[in-house]
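Here is the structure we will look at, set down as structure tokens.
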There are 2 protein chains.
Amino acid sequence: MRADARRNYDKILATARIVFTERGTDSSLDEIAKRAGVGPGTLYRHFPTREALVDALMQDWTDRVSADADAAIATGLPARQMLLGWFEHFIDHITLHRGAASKICAAMDDPASPMYRKCRVMSDANRRVIDHLDADGQLRPGIDAANVMRLVSGVASVADTSHTELDVRPMLEVVVDGIVHD
Amino acid sequence: MRADARRNYDKILATARIVFTERGTDSSLDEIAKRAGVGPGTLYRHFPTREALVDALMQDWTDRVSADADAAIATGLPARQMLLGWFEHFIDHITLHRGAASKICAAMDDPASPMYRKCRVMSDANRRVIDHLDADGQLRPGIDAANVMRLVSGVASVADTSHTELDVRPMLEVVVDGIVHD
DNA sequence: GCTAAAACGGAGACAGTCTCCGTATTGTGG
DNA sequence: CCACAATACGGAGACTGTCTCCGTTTTAGC
């Protein structure tokens, strides 16, 4: 990659991080280009779609989410607390930029999406937590990690979409009660 | 309301129902106007926002959803089956037009939305089911009907957003297990 | 029929997406 | 160190969708 290309790539990414945080992941891409001091053509060459841009920004998250999952397992807490903590961390991360949660929901089951691979990393992180507890006999029989991921992403999406500041805790408690063994 | 106004109003609504079913609730409004044989101005005079149009189409649903809730209660089935049946019916209705579910999620906690009143009707329907079972002692203590509604709408939204045909049943089972008494 | 009120519709302003291609920048072999 | 491919830039502009304004048409009551 040429030096100027790398420079612009980084500049666009840094600007996108700011704008997406300020105004959500549906902000105008041309405006991001303008604020980054590049032409729209340059932005679209580096990131052909909005999803590709969101995907590039997600890199940090997937690392942190993955680490969070392992940290949750390491606590050795009972299933209820472990899951609640893990889910809350997960939701905190994916709702960092408004609109991201629902994009992740959509990408999760769409291998054609540029974000699919990142979603898999997060799904795998979740699977580790679920498998760990399942092996321990702490979960109801027949719990499918993929469905748990979808459910929790759904909660994130609802919280993110809602115009009021919504507390996700009560919803997560229902989900957790539906997962853990009686 | 003048005769021509009524005529156009109905024509727009009928067309929107077709187009929203074919291509989802994010279809071009100008195209709906064109296919209805009216000018864009006419469409926007009757329905100032896309939400207002979706709202008008939802009228049927709210009635049916309300009836479904009462029908579910009337079955007298145990909580698990009653809730599963009710939730599935509810989701079937609100995912009739692609994109509607997430709009409903957003409107549910936004009194400023034109759809807010319709959402309330559906929330009330859900509350009847929940209250009925709760009075019967079949639910865990502290279950909040509003959160149940958000959770189930979230499941609907996930299913609707997903690019694959997603079976909502397993997710609903988790939710139901989280609601009903051990 | 006449008239005022109500409603129509489409031209066009505006905003966002995305592309094409002439111009500029880079780095490499001589 | 410089010439020249290869690579990347950027902005004009095509395109699509939203939404408004206002001259024209339709309606309903007298």
Side-chain angles (χ1 to χ4, degrees), chain A residues 1-57 97-100 102-103 106-107 110 112-115, chain B residues 1-57 97-100 102-103 106-107 110 112-115:
Chain A
M1 196 180 212
R2 244 172 61 172
D4 53 347
R6 160 108 271 142
R7 214 160 41 227
N8 282 328
Y9 183 94
D10 292 341
K11 217 160 20 168
I12 291 168
L13 224 47
T15 309
R17 183 168 283 121
I18 294 170
V19 176
F20 281 176
T21 306
E22 281 175 9
R23 296 215 256 286
T25 52
D26 289 325
S27 321
S28 157
L29 296 184
D30 275 24
E31 200 214 312
I32 291 174
K34 189 178 289 179
R35 278 177 62 167
V38 305
T42 302
L43 187 148
Y44 283 98
R45 199 170 334 99
H46 285 301
F47 308 101
T49 65
R50 163 176 265 107
E51 286 215 324
L53 185 50
V54 175
D55 181 58
L57 285 178
H97 302 319
R98 184 142 296 183
S102 63
K103 287 189 176 57
D110 175 19
S113 163
M115 294 165 61
Chain B
M1 197 178 210
R2 246 170 62 171
D4 54 347
R6 159 108 272 142
R7 212 160 41 229
N8 282 329
Y9 182 94
D10 292 341
K11 216 161 19 171
I12 291 167
L13 225 47
T15 309
R17 182 167 284 122
I18 295 168
V19 177
F20 281 176
T21 305
E22 281 174 10
R23 295 214 256 284
T25 52
D26 289 324
S27 321
S28 157
L29 296 183
D30 275 25
E31 199 213 311
I32 292 174
K34 188 178 288 180
R35 278 177 61 166
V38 305
T42 302
L43 187 149
Y44 284 97
R45 201 171 331 101
H46 286 302
F47 308 100
T49 65
R50 164 177 263 108
E51 286 215 324
L53 184 52
V54 175
D55 181 58
L57 284 178
H97 302 319
R98 184 142 297 185
S102 63
K103 288 189 176 58
D110 176 18
S113 164
M115 293 165 60

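Every chain is numbered from 1, with letters handed out A, B, ... down the list of sequences. All values below come from the heavy atoms of this structure, side chains included, with hydrogens, waters and symmetry mates left out.
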* Stepwise, does the side-chain contact (heavy atoms from CB on, under 4.5 Å) test hold for B:Glu51 with B:Val54? -> CA-CA 5 Å; B:Glu51 286 215 324; B:Val54 175; 5.5 Å; no

* What do the steps show when you test B:Asp26 against B:Lys103 for salt bridge (charged side-chain N to carboxylate O under 4.0 Å, His left out), and what is the final call? -> CA-CA 10 Å; B:Asp26 289 324; B:Lys103 288 189 176 58; 3.0 Å; yes

* To do: May I have the step-by-step check of side-chain contact (heavy atoms from CB on, under 4.5 Å) for B:Leu43 and B:Asn8, ending in yes or no?
  => CA-CA 8 Å; B:Leu43 187 149; B:Asn8 282 329; over 6 Å; no

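Comment: A:Asp4 does not engage A:Lys11 in a salt bridge, judged by the lack of any side-chain N to carboxylate O separation of less than 4.0 angstrom. Salt bridge B:Asp10/B:Arg6: present, at least one basic N to carboxylate O contact under 4.0 Å.
One interatomic measurement links the two molecules: CG of B:Asp26 to C1' of C:dG16, which rounds to 15 Å at whole-angstrom precision. Following rounding to the nearest Å, B:Lys34 (NZ) and D:dT16 (P) show an atom-to-atom distance of 10 Å. In this entry the distance linking NZ of B:Lys11 with P of C:dA7 reads 15 Å, nearest Å. Taking atom CZ on A:Arg6 and atom P on C:dG27, their separation rounds to 13 Å, with Å as the unit. Straight-line distance from the CG atom of A:Asp30 to the C1' atom of D:dG13: 12 Å, rounded to whole Å. Computed from coordinates, the B:Arg23 CZ to D:dG17 C1' distance equals 13 Å when rounded to whole Å. Per the geometry, CG belonging to B:Asp10 stands 15 Å off C1' belonging to C:dA7, to the nearest Å. Summarising the geometry, the separation between CZ on A:Arg35 and P on C:dG16 is reported as 13 Å, rounded to the nearest angstrom.
A side-chain donor-acceptor contact under 3.5 Å links A:Arg50 to the backbone of A:Thr25.
When each of A:Arg17, A:Arg35, A:Arg98 is tested with A:Glu22 by the rule salt bridge (Lys or Arg N to Asp or Glu O under 4.0 Å), just one qualifies, namely A:Arg35.
Taking the nucleotide of DNA chain D with the nearest heavy atom to each of A:Thr42 and B:Arg50, the more 5' of the two is matched to A:Thr42.
For D:dA8, the OP1/OP2 oxygens have no side-chain nitrogen or oxygen of A:Asn8 closer than 4.0 Å. Contact annotation: A:His46 side-chain N/O to D:dA8 OP1/OP2 distance is not under 4.0 Å.
Counting any heavy atom pair closer than 4.0 Å across all strands shown, B:Ser28 reaches sugar-phosphate atoms only and no base atom.
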* Structure fact -> Expected string for nucleotides 20-30 of chain D under the B/S/- scheme (protein heavy atoms, under 4.0 Å, primed atoms plus P, OP1, OP2 as sugar-phosphate) is B-----BSS--

